[in-house]
Amino acid sequence: MVRPSQQLHPHREPATVRAAATVLLLRDTDAGFEVLMTRRSATASFAPGAYVFPGGHIDAADEAAKRIATRRPTQSRVQRTQAIAAIREAFEELGILLAHHADGRPVSDADIASMDRNDTAGAAFADQCAARGLVLDSDQVFTFAHWITDRDLPKRFDVPFLVARMPEGQTPAADESEQFEPCWVRPADALARHDAGTFFMIFPTVRTLQRMAAYTNVDSVLEACAPAGAGEAPLWTSCPRGGLLKGADVRYMEHEPPFGELALVCPDGQMLHALDWQSAQGVALLKNVMRLTAPNPSAMTGPGTNSYIVGDAAIGYIVIDPGPNDFDHIGRLWRITQGDIRMIVCTHSHADHSPGAAPLQALCKGTKPPILGLSSAPTARATARFTAERELAHGERLVLSGTGADGEALTHTLRVIHTPGHAANHLCLVLEEDGLLFSGDHILNGSTTVVDPPDGDMTAYLDSLDTLDAACEAGGIEFILPAHGYVIGFARTAIGMLKAHRLKREAKIAAAMQKLPDGTPEQWLPLAYDDVPERMWPVAARSLAAHVARIRQLTAS
């Protein structure tokens with residue numbers, strides 16, 4: 001866990017979340033299924049003017065309304081209460097009632113007209129329904145998604161996004177106070193109109209419709225939400241995080257590349273961190289950790305190679321991966337540290353990581369910092385040769401310590417983990433006091449690293465993932481700082497997903513080899529990487545060779 005003293009921003013307690021529920025009413029048409037949406041009041045305290053689904057707070061009386069509500073066997077008590085709240089809100093806001101008469105007859109517009117939509121406080125809603133012999137169809141309401149409002153907002157809600165089929169014979173009519181202009185719209189059309197600026201929606205609405213647009217009809221949506229195994233669960237749960245991109249607010253879900261960086265830099269949801277990639281200046285991630293991205297963006301390096309600077313002016317700095325021999329990049333590293341660099345560490349020998357070490361060392365004042373790492377193996381390509389001034393050992397600790405600017409003792413400890421696979425001399429570093437993993441090229445954000453034989457070895461790569469997973473578990477490591485891309489959150493989950501991806505790719509390669517037993521790697525490549533753009537196949541061919549070598553080794557044993 002990151003030390004509170006190293007956070008860039010003072011702790012701020014996010015607003016308390018309030019329980020709420022919303023429901024997506026769906027209907028089939030010849031052109032595809034549609035969802036019912038309405039426009040919120042321009043003076044609403046939350047999401048004014050946005051197109052939304054009917055919904056609102058969960059009231060205590062929603063629990064009591066269970067006496068007149070149905071329930072399916074796998075529906076939990078909480079889910080049933082959420083469904084009842086969504087049914088009540090749909091009635092209040094749009095005059096739609098998901099219910100039936102006790103004798104089985106459907107509810108009609110005439111039944112709804114006889115009820116008072118403004119008198120639903122307390123037990124009034126349930127009482128009105130009970131007086132007419134109505135039973136709420138809460139068993140026909142399913143959980144599609146679960147959203148928790150972003151930490152930066154002054155009003156926050158814990159909201160299941162429920163789905164249900166629109167009842168026949170009913171016509172939506174907005175309450176004209178909270179909701180206006182009910183309209184039926186296909187998810188894809190709503191998204192297109194939002195992109196065009198004519199149909200404003202908030203982030204959770206957009207993301208929900210993006211996922212829903214993949215379904216073909218109402219049945220397919222409801223089937224996706226059907227109970228599986230012992231119970232029911234939403235298709236996803238998300239509490240987004242926001243940052244700044246080109247000066248504008250942007251938000252991201254947990255699986256999206258910037259999320260981990262926002263969680264590290266602004267854990268309480270402050271909208272302060274700029275996500276724009278640039279090489280002109282360093283980006284502070286913590287008080288003791290800064291990233292400077294080299295100006296070498298490409299298909300192989302993404303936005304560029306990340307150099308990391310650990311330490312501070314009081315006790316000096318360690319530079320991790322000084323990058324390519326780029327005059328401007330090396331000069332910026334020197335200016336950020338004022339030349340007070342105590343150690344230079346290269347995670348491996350590749351040309352975008354280690355060549356900057358010697359030129360940076362030459363600029364440093366006083367005692368020259370040692371260049372540390374693992375020298376390249378004989379298998380390394382000629383363009384990826386590196387000789388360390390001192391070889392690092394697996395488990396070794398590199399320590400910066402002294403008195404900080406505030407007069408207190410300060411220590412930064414980097415533990416070395418040998419992780420062969422991407423390269424034979426690859427290593428990662430753990431900043432023990434803050435639970436951070438500097439992963440070099442072993443783990444990247446937004447792409448998978450190339451494993452290029454003979455210096456690269458797929459079995460070693462997978463074994464090293466296991467080593468890193470164990471280190472994360474033992475050290476409580478939550479964040480991974482890769483050599484390319486943003487900070488990665490949920491470290492162990494990311495490692496598990498990466499290993500699963502590699503093994504899935506290996507299974508596709510093995511299947512291609514079985515299909516064409518006399519084939520060549522060039523023939524297997526289109527079959528195994530059919531989901532990868534063809535322009536990337538020359539790069540993919542290197543990792544394919546590593547997988548083929550591993551498959552043959554496993555088969556032989």
Reported OG1-to-CD distance for the pair Thr70 and Gln140, which is rounded to 0.5 angstrom:
6.5 Å
Check whether any side-chain heavy atom of Tyr308 sits under 4.5 Å from a side-chain heavy atom of Met290, and report yes or no.
no
Kindly say whether Glu181 contributes a backbone atom to a donor-acceptor pair with the side chain of Thr38 at under 3.5 angstrom?
no
When you measure from the side chain of Thr305 to the backbone N and O of Thr301, does any donor-acceptor pair fall under 3.5 Å?
no
Cation-pi check for Phe33 against Arg27: NZ or CZ below 6.0 Å from the six-membered ring centre and within 45 degrees of the axis, yes or no?
no
So, using salt bridge (Lys or Arg N to Asp or Glu O under 4.0 Å) as the criterion, who are the partners of Lys66 when residues are at least two apart?
Glu63
List, one per line, each side-chain donor-acceptor pair under 3.5 Å for residues 191-198, sequence neighbours excluded.
residue: His194; atom: ND1; partner: Phe199; partner atom: O; Å: 3.3
residue: His194; atom: ND1; partner: Met201; partner atom: N; Å: 3.2
residue: Thr198; atom: OG1; partner: Arg193; partner atom: O; Å: 3.2

Under a 4.0 Å threshold between the charged nitrogen and the carboxylate oxygen, would Arg72 count as salt-bridged to Glu232?
yes
Any luck finding a side-chain donor-acceptor pair between Gln7 and His9 under 3.5 Å?
no
Partners of Lys287 by salt bridge (Lys or Arg N to Asp or Glu O under 4.0 Å), sequence neighbours excluded?
none
Within-4.5 Å side-chain heavy-atom neighbours: Val283 and Leu285
yes
For a salt bridge (Lys or Arg N to Asp or Glu O under 4.0 Å) check, start with the C-alpha distance between Glu432 and Arg397, then their side-chain angles and the critical distance, and finish with the verdict.
CA-CA 9 Å; Glu432 294 186 328; Arg397 287 174 168 82; 2.9 Å; yes
Flag side-chain contact, heavy atom, 4.5 Å: Met37 against Val52:
no
Is a donor on one side and an acceptor on the other found under 3.5 Å between the side chain of Asp175 and the backbone of Glu178?
yes
His353 pairs by ring-ring contact (aromatic ring centres under 6.0 Å, His included) with which of His426, His442, His422, His484?
His484
Under 4.0 Å between a side-chain nitrogen and a carboxylate oxygen: does that hold for Glu34 and Arg186?
no
Applying side chain to side chain contact (heavy atoms under 4.5 Å, CB included) to Leu235 and not counting sequence neighbours gives Phe144, Arg211, Tyr215, Ala224
Using side chain to side chain contact (heavy atoms under 4.5 Å, CB included) as the criterion, list what pairs up with Glu92, not counting sequence neighbours.
Arg88, Glu89, Thr120
State plainly whether the residues Arg80 and Asp139 are in salt-bridge range, i.e. N to O under 4.0 Å.
no
Residue pair His11 / Asp268, side-chain heavy-atom distance below 4.5 Å:
yes
Not counting sequence neighbours, which residues clear salt bridge (Lys or Arg N to Asp or Glu O under 4.0 Å) with Arg251? List them please.
Asp150, Asp152
Would Thr205 and Thr208 count as having a side-chain donor-acceptor pair, cut-off 3.5 Å?
no
Are the side chains of Leu244 and Val250 in touch, meaning some heavy atoms are under 4.5 Å apart?
no
Under 3.5 Å, is there a donor-acceptor pair between the side chain of Thr143 and the main chain of Ala145?
no
Is it the case that atom CZ in Arg77 sees more than 12 heavy atoms from other parts of the structure closer than 6.0 Å?
no
Please list, chain by chain and in numerical order, all residues satisfying ring pair (Phe, Tyr, Trp, His ring centres under 6.0 Å) with His57, sequence neighbours excluded.
Phe157
Between Phe91 and Phe125, is the gap from one ring center to the other below 6.0 Å?
yes
With a 3.5 Å distance limit and no angle check, can you tell me whether Asn306 reaches the backbone of Arg291 through a side-chain donor-acceptor pair?
no
Determine whether a donor-acceptor pair (N or O, by modelled atom type, separation under 3.5 Å) exists between the side chain of Asp158 and the backbone of Arg18.
no
My understanding is that only residues two or more places apart in sequence, or in another chain, count here; which of them pass side chain to side chain contact (heavy atoms under 4.5 Å, CB included) with Ile68?
Ala126, Cys129, Ala130, Leu136
Salt bridge (Lys or Arg N to Asp or Glu O under 4.0 Å) filter on Arg40, not counting sequence neighbours, yields none
Short side-chain to backbone donor-acceptor contact, Ser238 and Met253, under 3.5 Å:
no
Any side-chain heavy-atom pair of Leu97 and Gln128 under 4.5 Å:
no
Would you please name every residue forming a side chain to side chain contact (heavy atoms under 4.5 Å, CB included) with Pro258, sequence neighbours left out?
Tyr252, Glu256, Leu275, Tyr486
For the side chain of Thr22 and the backbone of Phe53, is there at least one donor-acceptor N/O pair under 3.5 Å apart?
yes
Can you confirm whether the side chains of Ser307 and Asp321 place a donor and an acceptor under 3.5 Å from each other?
no
Main-chain N/O of Pro73 paired to Arg71 side chain as donor or acceptor, under 3.5 Å
yes
Which donor-acceptor pairs under 3.5 Å do side chains of residues 489-497 form with protein atoms, sequence neighbours excluded?
residue: Arg492; atom: NE; partner: Asp469; partner atom: OD1; Å: 2.9
residue: Arg492; atom: NH2; partner: Asp469; partner atom: OD2; Å: 3.0

Looking at Asp219, is its backbone amide N or carbonyl O close enough to the side chain of Asn217 to form a donor-acceptor pair, meaning the two atoms are under 3.5 Å apart?
yes
Pairwise salt bridge (Lys or Arg N to Asp or Glu O under 4.0 Å) hits with a residue in residues 433-447, at least two apart:
Arg3-Asp434
Do we see a donor-acceptor contact under 3.5 Å between the side chains of Ser220 and Glu223?
no
4.5 Å side-chain heavy-atom contact, Ile96 and Leu25
yes
